[in-house]
Amino acid sequence: MKELHKWNLSPKEAIEEQKKLVELLERSSIKKVDLVAGVDLSFPKEDQGCAVIVVLNFPTLKIVDYVTEVSNISFPYIPGLLAFREGPVFLRAWEKLKIRPDVVMFDGQGIAHPRRIGIAAHMGLFINLPTIGVAKSHLYGTYKQPGKHKGEYEFIYDESEIIGAVIRTKNNCKPVFVSPGHKCDVQSAIELVLSCCVGYRLPEPTRIAHLISQKQRVKEKGFSS
DNA sequence: GCGACAG
DNA sequence: ATCTTGTCGC
């Protein structure tokens, strides 16, 4: 799948690519989960990205393993086309990972996207595994503000269809925007994300991946090779 | 034309 | 995302 994909596209071509790939997405509930992975990127330099994939045991949420990958970024950040900027680096990191998680959580949208294919959904097609999008802010869809207590949530709609949920993962904290990616459904996404929240706004997979990528960013600074 | 706009 | 200190609240 990924071998046949082209990344050197113009924004217009990228949009056409999304319209083609969205047809391949599958919707289903997530069964048994023993390993949960989280992905995040940092940018040591403006044209250089550092991807981190961390694998946690479930439900203990203990770190099992993690990989990092640093490389140049060519595609610019354009709302709706995030996968074309962060996808290439993530996939290179993915090749280094020896363990196969049961589900992967991304920093961004799943299907709560203008063309129903945010980075989590897009990458799910490539790694052929269940994926979930956990975004820190809104991109697409209508919703009502959820209650202020942990666990409360409101669905995100596209017209009359439910495409995700705005979830309060911690009391009195800004909610997160969760939506299923590939081989997942809204209910499974909500349940898994909430079961990975242990006192912080972000679920452990994504939160820990972020911490590692930030630590890597500092190390990567000042290096020329 | 105007406002919105993942990271 | 990144540039950056202190500060208010649980």
Side-chain angles (χ1 to χ4, degrees), chain A residues 7 11-12 14-15 17-18 21-22 25 38-53 68-91 93 104-124 131-143 145 147-151 156-158 163-182 189 193 197-203 205-207 209-222:
Chain A
W7 291 109
K12 279 188 176 180
I15 289 177
E17 185 69 7
Q18 294 183 318
L21 292 175
V22 70
L25 291 174
V39 181
D40 191 45
L41 275 74
S42 63
F43 296 83
K45 299 175 183 294
E46 284 305 311
D47 59 342
Q48 177 180 226
C50 172
V52 172
I53 303 174
T68 67
E69 170 70 16
V70 178
S71 67
N72 292 341
I73 300 296
S74 54
F75 206 86
Y77 167 66
I78 298 174
L81 300 180
L82 184 62
F84 294 87
R85 174 178 172 74
E86 307 191 337
V89 196
F90 159 69
L91 291 174
V104 184
M105 293 174 46
F106 288 79
D107 209 325
Q109 313 292 341
I111 60 172
H113 174 282
R115 288 169 293 284
R116 300 292 186 76
I117 182 163
I119 189 168
H122 198 143
M123 294 303 104
T131 56
I132 297 173
V134 183
K136 297 183 294 300
S137 61
H138 168 79
L139 170 67
Y140 183 80
T142 59
Y143 64 95
Q145 219 44 245
K148 292 179 174 297
H149 292 290
K150 177 180 180 179
I156 298 175
Y157 296 86
D158 180 3
I163 56 177
V166 189
I167 309 175
R168 193 75 68 178
T169 50
K170 178 180 180 181
N171 290 176
N172 298 67
C173 265
K174 203 152 81 75
V176 295
F177 296 73
V178 175
S179 58
H182 186 44
V193 167
C197 291
V198 293
Y200 299 89
R201 178 162 87 114
L202 298 180
T206 286
R207 192 182 74 81
H210 183 262
L211 290 177
I212 297 175
S213 69
Q214 285 304 306
K215 191 167 296 181
Q216 266 288 176
R217 180 172 65 83
V218 177
K219 294 178 61 178
E220 218 58 44
K221 266 189 171 180

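Numbers restart at 1 for each chain; the letters A, B, ... are given by sequence-line order, proteins then strands.
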Practice task
Indicate whether OP1 or OP2 belonging to C:dT2 is found under 4.0 Å from a side-chain N or O atom of A:Gln214.
Solution key: yes

Completion exercise
To the nearest angstrom, the CD-C1' distance between A:Glu86 and C:dT2 comes to 13 Å

Problem - Nucleotide of B:dG7, C:dT2, B:dC5 approaching A:Asp40 most closely (side-chain heavy atoms) - result: B:dG7

Problem - Under 5.5 Å and under 30°: A:Tyr77 stacked on B:dG7 - result: yes

Practice task
Please report the C-alpha distance between A:Ile73 and A:Lys45 in whole Å, then the side-chain angles of each, then the deciding distance to 0.1 Å, and finally whether the side chain to side chain contact (heavy atoms under 4.5 Å, CB included) criterion is met.
Solution key: CA-CA 10 Å; A:Ile73 300 296; A:Lys45 299 175 183 294; over 6 Å; no

Exercise for the section: Compare all side-chain heavy atoms of A:Leu139 with those of A:Pro114 and state whether any distance is below 4.5 angstrom. Expected result: yes

Handout entry: Side chains of A:Phe106 and A:Leu82 in contact at under 4.5 Å (non-hydrogen atoms)
Key = no

Practice task
Would you kindly give the OH-to-P distance between A:Tyr143 and B:dC5, to the nearest whole Å?
Solution key: 8 Å

Problem - Exam field: side chain A:Arg201 to backbone A:Lys174, donor-acceptor pair closer than 3.5 Å - result: yes

Exercise for the section: Verify the contact: side-chain N or O of A:Lys45 to OP1 or OP2 of C:dT2, cut-off strictly under 4.0 Å; return yes or no. Expected result: no

Exercise for the section: Could you tell me whether the phosphate oxygens of B:dG7, OP1 or OP2, come under 4.0 Å of any side-chain nitrogen or oxygen in A:Lys136? Expected result: yes

Problem - Phosphate OP1/OP2 of B:dG7: any A:Ser137 side-chain N/O under 4.0 Å - result: yes

Fill in the blank from the handout: Quick note, A:Arg217 side chain, CB onward, closest among B:dG7, C:dC3, B:dA6 is C:dC3

Practice task
Report which part of the nucleic acid A:His210 touches: base, sugar-phosphate, or nothing (heavy-atom distance under 4.0 Å, all strands).
Solution key: sugar-phosphate

Exercise for the section: Answer yes or no: does a side-chain N or O of A:His113 lie under 4.0 Å from OP1 or OP2 of B:dC5? Expected result: no

